[in-house]
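Proteins come first, then strands; the chains are lettered A, B, ... in the order of their sequence lines, and each starts at number 1.
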Protein chains: 2
Amino acid sequence: MSGKKLKAVEHPPVSAKRQHKADAKAATSHPPQRPRPLTRIQKEKQDIILEAALEVFSVHGFRGSTIDQIAEVAGMSKPNLLYYFPRKEEIHRRLIAALLDTWLAPLRDFDERGDPFTEIRSYIRRKLEMARDFPRESRLFANEMLQGAPRISEMIEIDLKALVDEKAKILLTWMEQGRLARTDPYHLIFSIWATTQHYADFDVQVRAVLGKGRNGDGRFEDAARYLEQLFMHGLSPKPRVNGSA
Amino acid sequence: MSGKKLKAVEHPPVSAKRQHKADAKAATSHPPQRPRPLTRIQKEKQDIILEAALEVFSVHGFRGSTIDQIAEVAGMSKPNLLYYFPRKEEIHRRLIAALLDTWLAPLRDFDERGDPFTEIRSYIRRKLEMARDFPRESRLFANEMLQGAPRISEMIEIDLKALVDEKAKILLTWMEQGRLARTDPYHLIFSIWATTQHYADFDVQVRAVLGKGRNGDGRFEDAARYLEQLFMHGLSPKPRVNGSA
DNA sequence: GGAAATTTTGACCAGTTGGAAAAATGTTAG
DNA sequence: CTAACATTTTTCCAACTGGTCAAAATTTCC
């Protein structure tokens with residue numbers, strides 16, 4: 001760990017335990033890097049910054065957000081912020097990485113051994129809760145998608161695809177067993193994503209349309225009720241009216 | 001000052017520079033303004049610029065887009081572009097205005113006298129076609145929503161709300177007549193918006209998940225088939241002994 | 001308490017951005 | 001041809017951008 005000023009961007013592989021200054025004491029600025037194990041304070045500050053960055057990025061997107069804005073929201077000066085995250089991109093990447101993990105958790109819990117409708121219902125419910133409780137994360141994700149997912153393309157092309165493939169297979173099995181209406185499992189999943197995330201991403205619109213009278217917190221409960229009905233009826237394996245070939 | 005008829009946004013202190021005709025002539029450089037009736041060439045250039053701006057804004061959002069980018073896509077120099085649209089905001093506003101009009105057309109066509117399922121089916125179809133044929137418009141809209149719709153808040157709070165209220169009433173009537181499942185008409189509309197726009201706004205994700213094998217143009221047809229099934233079954237009146245109303 | 005390490009600040013920079021001015025180059029009608 | 005207008009280009013700028021750096025302030029550890 002000789003005193004370098006700019007090192008390759010390292011993710012957060014917190015490794016070594018405390019290390020002595022040993023050879024190079026000329027540790028330039030930028031401390032929260034690889035050798036040191038990240039003090040409690042550093043972690044705290046980083047969290048504050050990430051919080052602020054989420055607030056800003058989720059609204060203006062990557063290019064539309066400035067370090068100054070983030071620093072202001074975080075209550076610190078720009079150079080100070082840069083001390084913890086040497087690059088703007090790094091902040092964004094950290095946010096996206098953390099997001100993807102929690103974002104897909106509900107889908108991961110989709111259980112093959114469960115009852116189709118119970119599983120689908122609880123998936124919808126959880127996704128709706130996430131839209132309600134983590135709207136900024138949802139918008140950050142949406143922003144990234146709108147821009148063509150330049151920073152997470154491989155993530156969605158590989159990890160996400162694999163996960164969806166797996167769950168689609170489960171859905172297909174259920175359909176073949178006659179426990180679920182025969183339909184396209186991929187688009188089924190898309191429709192759940194779309195309808196639930198809508199309440200986070202298009203929140204302004206939803207509120208505006210519902211008007212001041214009924215937009216309190218009720219809209220999420222109403223949405224849950226409606227979506228449950230839609231999907232439960234829409235996907236029940238009722239005998240089709242002829243015409244399906 | 002003269003030759004003023006519409007609301008004008010004139011913050012810049014710079015104005016009349018070489019006004020020859022005291023009559024009501026062109027003010028400064030910037031010709032495409034009030035007085036002149038807009039030549040064919042001007043209209044063409046403006047269209048080129050708006051096209052380019054749509055391309056850029058729809059991906060990067062307002063703040064994330066630069067005039068330089070738009071100018072480059074439009075194939076002209078920045079000052080030249082500024083000659084037609086004195087302000088970046090003006091371009092954006094024009095795009096949004098044009099967008100909102102066409103965007104709501106399908107909903108306007110929702111006909112009270114038609115058959116509930118026919119109306120809903122064709123509405124879904126049209127919205128899906130728009131997602132397929134005008135994905136940039138959809139993304140522009142989505143970007144605006146994500147940012148809290150700062151520039152069109154009144155538009156959606158008044159015009160959009162009124163329109164949705166009207167159509168929701170129609171849906172309610174149908175429900176009361178037993179021709180449609182009893183459910184929340186507002187969330188029903190939201191779900192149609194969400195599921196259809198998803199294919200434009202999250203196009204990358206959809207493609208990535210579907211994989212290279214089946215993402216050609218087929219995805220829109222598959223989506224149409226799936227959504228039709230979902231909504232037709234999901235919204236059919238509950239099992240009630242009722243041959244017809 | 002004090003040296004070393006960590007954190008914060010202020011000054012500064014090169015590149016970008018939205019936009020202004022004006023000169024230069026068409027274009028058109030008389 | 002040429003005056004009047006329309007369009008384009010060149011030059012320029014002040015504010016903003018992401019980022020650096022050294023010095024100052026603060027904390028940590030012996």
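- Following rounding to the nearest Å, Tyr83(B) (OH) and dA24(C) (P) show an atom-to-atom distance of 18 Å.
- Whole-Å rounding puts the Met76(A) CE to dG10(C) C1' distance at 17 Å.
- Following rounding to the nearest Å, Asn80(A) (CG) and dT7(C) (P) show an atom-to-atom distance of 10 Å.
- Using a 4.0 Å cut-off, no side-chain N or O of Ser77(B) falls inside it from OP1 or OP2 of dT8(D).
- One interatomic measurement links the two molecules: CG of Leu81(A) to P of dG19(D), which rounds to 11 Å at whole-angstrom precision.
- Gln205(B) and Phe141(A) get closest at one heavy-atom pair: NE2-CZ, 3.3 Å.
- Residue contacts shown for Lys45(B) are limited to sugar-phosphate atoms, with no base heavy atom under 4.0 Å away.
- When the P atom of dG18(D) is taken as reference, atom NZ of Lys78(A) falls 7 Å away, rounded to whole Å.
- Computed from coordinates, the Gln42(A) CD to dT28(D) P distance equals 11 Å when rounded to whole Å.
- Smallest separation of non-hydrogen atoms from Ala131(A) and Ala200(A): O-CB, 3.5 Å.
- Lys127(B) places no side-chain N or O within donor-acceptor distance of the main-chain N or O of Pro106(B), the cut-off being under 3.5 Å.
- Protein atom CD of Glu72(A) is 14 Å distant from nucleotide atom C1' of dC16(D), rounded to whole Å.
- The phosphate of dA20(C) (OP1 or OP2) has a side-chain N or O of Arg87(B) nearer than 4.0 angstrom.
- Judged as a side-chain hydrogen bond (donor to acceptor under 3.5 Å, both in side chains), the pairs with a partner in residues 60-71 of chain A (not counting sequence neighbours) are, in order, Thr66(A)-Gln69(A).
- Residues satisfying the ring pair (Phe, Tyr, Trp, His ring centres under 6.0 Å) criterion with Phe110(A), sequence neighbours excluded, are Tyr123(A), Trp174(A).
- Relative to the side chain of Tyr84(A), the nucleotides dT20(D), dT7(C), dT8(D) differ in distance, and dT7(C) lies closest.
- Note: His187(A) and Tyr199(B) meet the aromatic proximity criterion, with ring centroids under 6.0 Å apart.
- Rounded to whole angstrom, the span from the CD atom of Glu90(B) across to the P atom of dG19(C) amounts to 11 Å.
- Judged by distance alone, with hydrogens and angles left aside, the side-chain atoms of Asn143(A) form a donor-acceptor pair with the main-chain N or O of Ser58(A) at under 3.5 Å.
- Of the residues in residues 49-69 of chain B, those placing a heavy atom less than 4.0 Å from an atom of DNA chain D are Arg63(B), in numerical order.
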